[in-house]
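Here's the structure we're looking at; comments come further down.
The structure displayed is predicted, hence computed values, not measured ones. The basis for the numbers below is simple: all heavy atoms, side chains too, and nothing from hydrogens, waters or symmetry mates.
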Amino acid sequence: LAERARAGHPSGGGHGLRALAQVLLERLAADPISAWFLQPVTEEEAPNYRLVVTDPIDFRTIGEKLRDKSYGEDPGAFASDVRRVYCNALRYNWSPENPCHQDAQAGLLWFEQLQAEAQLGGDLPAASSGGCKRGKPGALPAARPSVSRTLPRGGTGKSRKRAEIS
């Protein structure tokens, strides 16, 4: 990870924090459990979402902030936004039995592991919160689980409703 960022990952637009953050975001977004978190949740898809989640964020928005250089050279701001994606999902999907809740727990842990790996390369400071500020989940799984199920998006009927997402 760190080597790829130091080598000037093409989508990162250069070296340093932005390149490393872009690599981390791409790894997270490419995983099947992240299907929930790729784009903003609308009120139409998830009624009352904004009553529960007052500061929504998703991977697409984080990617736009990276491209716009909104994070500057503040690795804490990028990490905070990634954590907020998962924390919002845990808050809205409060039941540990909910598949999105489970994927958010696994994704949060995986992000912390990826960030720790990057820290070994000296690219990011230590994680500040290690989790959600409010509604912190119970014990996180020891490792990011492999996913053997598909994650249907949107629609009704047999598919999960998008209301079950971040």
(request) Compare all side-chain heavy atoms of Arg50 with those of Pro56 and state whether any distance is below 4.5 angstrom. (result) yes

(request) Can you see which heavy atom on Gly72 is nearest to which on Leu17, and at what distance? (result) O-CD2, 3.6 Å

(request) To the nearest 0.5 angstrom, please state how far the CD atom of Gln105 sits from the CD1 atom of Ile33. (result) 10.5 Å

(message) Taking Glu45's backbone N and O only, do any of them form a donor-acceptor pair with Thr42's side chain (distance below 3.5 Å, no angle check)?
(response) yes

(message) So does Leu66 get a backbone contact from the side chain of Gln22, meaning a donor-acceptor N/O pair under 3.5 Å?
(response) no

(message) Let me confirm one number: the CG-CZ distance from Asn88 to Phe37, rounded to the nearest 0.5 Å.
(response) 10.0 Å

(message) To the nearest 0.5 Å, what is the distance between CG on Asp81 and CD1 on Ile57?
(response) 4.0 Å

(message) Once rounded to the nearest 0.5 Å, what's the spacing between atom CD of Gln102 and atom CG of Leu90?
(response) 10.5 Å

(request) Could you check if a side-chain atom of Arg18 sits within less than 4.5 angstrom of a side-chain atom of Tyr71, using non-hydrogen atoms only? (result) no

(message) Between Asp58 and Val41 (side chain of the first, backbone of the second, donor and acceptor by atom type, cut-off under 3.5 Å), is there such a pair?
(response) no

(message) To the nearest 0.5 Å, what is the distance between CG on Leu51 and CD on Glu43?
(response) 6.5 Å

(message) When you measure from the side chain of Asn98 to the backbone of Cys100, do you find a donor-acceptor pair of N or O atoms at a distance under 3.5 Å?
(response) yes

(message) In the structure I gave you, are the side-chain heavy atoms of Arg60 and Leu38 within less than 4.5 Å of one another anywhere?
(response) no

(request) Using the rule that two of Ile, Leu, Val, Met, Phe, Trp, Tyr join whenever any of their side-chain heavy atoms come within less than 4.5 Å, decide whether Tyr49 and Val52 are in one cluster. (result) yes

(request) Considering non-hydrogen atoms only, spot the tightest contact between Ser34 and Tyr86 and give its length. (result) OG-OH, 4.4 Å

(request) Any chance you could measure Leu28, atom CG, to Phe59, atom CZ, to the nearest 0.5 Å? (result) 5.0 Å

(request) Indicate yes or no: at least one non-hydrogen side-chain atom of Phe78 is less than 4.5 angstrom from one of Leu20. (result) no

(message) If I compare all heavy atoms of Arg83 with all of Leu108, which pair ends up nearest, and what's the gap?
(response) CG-CD1, 3.9 Å

(request) Provide the closest heavy-atom pair for Ala79 versus Gln115 in the form atom of the first, atom of the second, distance. (result) CB-NE2, 3.5 Å

